[in-house]
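Counting convention: from 1, in listed order, for ligands and their atoms alike. As a basis for the values below, the full set of heavy atoms in this structure was taken, side chains included, without hydrogen atoms, waters or symmetry mates.
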Amino acid sequence: MADFSRKPTLIGELVELRPASKDDAASLRALMVDPEVSRLTGSVHSDDESSHEGWTVEQLEEVYEGWAAADDRIVWVIVERATGEVVGEAVLNELDPGNRSCGFRIWISGASGRGLGTEATRLAVFHGFDDQRLNRIELEVYAFNPRARHVYEKVGFAHEGTRREALLYNGEGVDAHIMSMLRSEWRPASG
Ligand SMILES: CC(C)(COP(=O)(O)OP(=O)(O)OC[C@H]1O[C@@H](n2cnc3c(N)ncnc32)[C@H](O)[C@@H]1OP(=O)(O)O)[C@@H](O)C(=O)NCCC(=O)NCCS
């Protein structure tokens with residue numbers, strides 16, 4: 001039975017996924033104000049807004065404290081093993097125990113293109129299918145983010161539909177692609 005109140009540390013070759021806590025709020029906030037992360041995760045609606053400071057450390061401490069105790073999501077900080085630095089966040093969320101399904105999201109700041117996101121995605125997916133016995137993991141990726149889509153396809157996610165112009169950015173409609181991976185498609189070696 002899937003149980004997201006169980007939040008283990010996952011260790012790969014390049015990264016470690018460690019359950020996020022209140023104490024991670026300050027370092028995550030410093031990373032999440034990255035304009036590229038804000039844009040690609042759909043957190044802002046224009047280039048002007050992308051320098052917006054967002055939530056305070058105090059607000060985020062409260063949020064992460066709640067998430068650390070949540071039974072419907074696992075929030076991990078992504079730690080680059082070579083440096084010991086926190087570089088982003090990976091999340092399994094919206095657990096639906098009856099359907100054995102959940103969502104996935106990830107962001108990395110200042111450390112893209114080194115293979116960390118691919119490995120972090122594989123580790124989270126492995127945990128979802130192997131340890132939590134899930135049947136389906138779903139995510140959303142914007143059409144202006146081919147890098148993320150490439151990573152998701154490489155790990156084994158398939159495109160299954162599009163929420164047309166789900167995001168308005170700089171006044172333009174941006175499609176949001178829904179991707180998913182099923183347990184029957186998952187191969188531990190690749191996913
Ligand atoms: C998406 C993200 C998690 C990927 O992590 P990463 O560590 O940068 O990715 P990796 O280094 O493991 O792999 C990047 C891959 O994308 C490819 N890539 C880079 N730019 C690309 C582009 N414009 N189009 C297609 N593929 C691209 C690289 O060649 C590499 O693939 P390869 O290993 O087959 O050569 C990370 O870049 C990120 O968080 N970006 C900002 C926020 C974000 O986009 N979050 C996801 C929202 S859905």
Side-chain angles (χ1 to χ4, degrees), residues 10-18 20 24 27-47 49-55 60 67 73-94 101-128 136-170 172-181 187 189-191:
L10 310 179
I11 299 176
E13 285 175 23
L14 303 174
V15 296
E16 179 176 309
L17 303 194
R18 171 173 60 68
D24 294 305
S27 53
L28 287 172
R29 183 179 182 282
L31 294 173
M32 66 177 68
V33 294
D34 177 346
E36 187 185 46
V37 170
S38 299
R39 183 175 73 90
L40 294 174
T41 55
S43 307
V44 293
H45 294 281
S46 69
D47 291 336
E49 213 191 321
S50 68
S51 57
H52 180 66
E53 292 287 295
W55 291 1
L60 284 175
W67 285 348
R73 74 171 64 211
I74 307 174
V75 180
W76 289 283
V77 290
I78 304 171
V79 179
E80 183 169 20
R81 292 188 63 192
T83 60
E85 296 291 326
V86 172
V87 295
E89 179 180 86
V91 180
L92 291 177
N93 59 7
E94 296 177 4
S101 68
C102 77
F104 173 71
R105 66 180 178 77
I106 183 170
W107 60 263
I108 283 175
S109 173
S112 286
R114 308 214 283 257
L116 311 184
T118 301
E119 189 181 72
T121 303
R122 286 194 171 126
L123 287 169
V125 164
F126 187 94
H127 179 74
R136 172 187 163 87
I137 301 177
E138 175 179 326
L139 62 82
E140 198 172 278
V141 58
Y142 293 113
F144 59 26
N145 197 353
R147 177 177 58 195
R149 180 166 174 163
H150 173 81
V151 167
Y152 299 146
E153 283 171 346
K154 196 165 52 152
V155 171
F157 285 87
H159 178 243
E160 66 179 21
T162 297
R163 294 174 59 226
R164 295 177 306 156
E165 300 193 10
L167 176 73
L168 285 180
Y169 195 85
N170 286 343
E172 302 275 321
V174 181
D175 290 346
H177 298 302
I178 310 294
M179 303 182 78
S180 69
M181 197 187 324
R187 299 280 173 276
S190 62

What atoms in ligand 1 come closer than 4.0 Å to a heavy atom of Arg114?
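Contacts of ligand 1 toward Arg114, numbered from 1: 11 (O).
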Just go through [options] and tell me whose heavy atom is the nearest to [atom].
atom: atom 36 (C) of ligand 1; options: Ala120, Ser112, Gly117; answer: Ser112
atom: atom 46 (C) of ligand 1; options: Leu116, Ile106, Val37; answer: Ile106
atom: atom 24 (N) of ligand 1; options: Pro146, Gly88, Ala176; answer: Pro146
atom: atom 43 (C) of ligand 1; options: Thr118, Leu31, Asn145; answer: Asn145

Scan the protein's non-hydrogen atoms and note whether one is under 4.0 Å from atom 15 (C) of ligand 1.
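Looking at atom 15 (C) of ligand 1, one finds that a protein heavy atom does lie closer than 4.0 Å.
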What part of [X], side chain, backbone, both or neither, has a heavy atom within less than 4.0 angstrom of ligand 1?
X: Glu140; result: backbone
X: Arg147; result: both
X: Tyr152; result: side chain

Applying the side chain to side chain contact (heavy atoms under 4.5 Å, CB included) test to Glu89, which of Leu17, Ile78, Val75 qualifies?
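Of all the options given, the one that passes is Val75.
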Between [X] (side chain) and [Y] (backbone), is there a donor-acceptor pair under 3.5 Å?
X: His159; Y: Gly161; result: yes
X: Arg81; Y: Gly12; result: yes
X: Tyr169; Y: Asp47; result: yes
X: Asp34; Y: Glu36; result: yes
X: His45; Y: Leu168; result: yes
X: Thr83; Y: Glu85; result: yes

Between [X] and ligand 1, does any nitrogen or oxygen pair lie at a separation below 3.5 Å?
X: Glu36; answer: no
X: His150; answer: yes
X: Ala148; answer: no

Can you tell me which residue and heavy atom of the protein come closest to [atom], and the distance to 0.1 Å?
atom: atom 9 (O) of ligand 1; answer: Val151 CG2, 3.8 Å
atom: atom 39 (O) of ligand 1; answer: Ile108 N, 2.6 Å
atom: atom 11 (O) of ligand 1; answer: Gly115 N, 2.7 Å
atom: atom 8 (O) of ligand 1; answer: Gly113 N, 3.0 Å
atom: atom 33 (O) of ligand 1; answer: Lys154 NZ, 2.7 Å

Quick check: closest heavy atoms across Gly156 and Met181, and the distance to 0.1 Å?
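Closest pair (atom of Gly156, atom of Met181, distance): O-CG, 3.5 Å.
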Please find the pair of heavy atoms, one from Phe144 and one from Arg39, that lie closest to each other, and give the distance.
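What the structure gives for the nearest pair is CZ-O, 3.5 Å.
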Tell me whether Arg105 is salt-bridged to Glu140, with the criterion being a basic N under 4.0 Å from an acidic carboxylate O.
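Judged by the 4.0 Å cut-off on N to carboxylate O distance, Arg105 and Glu140 do not form a salt bridge.
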Using a strict threshold of under 4.0 Å (side-chain N to carboxylate O), is an ion pair present between Asp24 and Arg18?
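A salt bridge is present here (some side-chain N lies under 4.0 Å from a carboxylate O).
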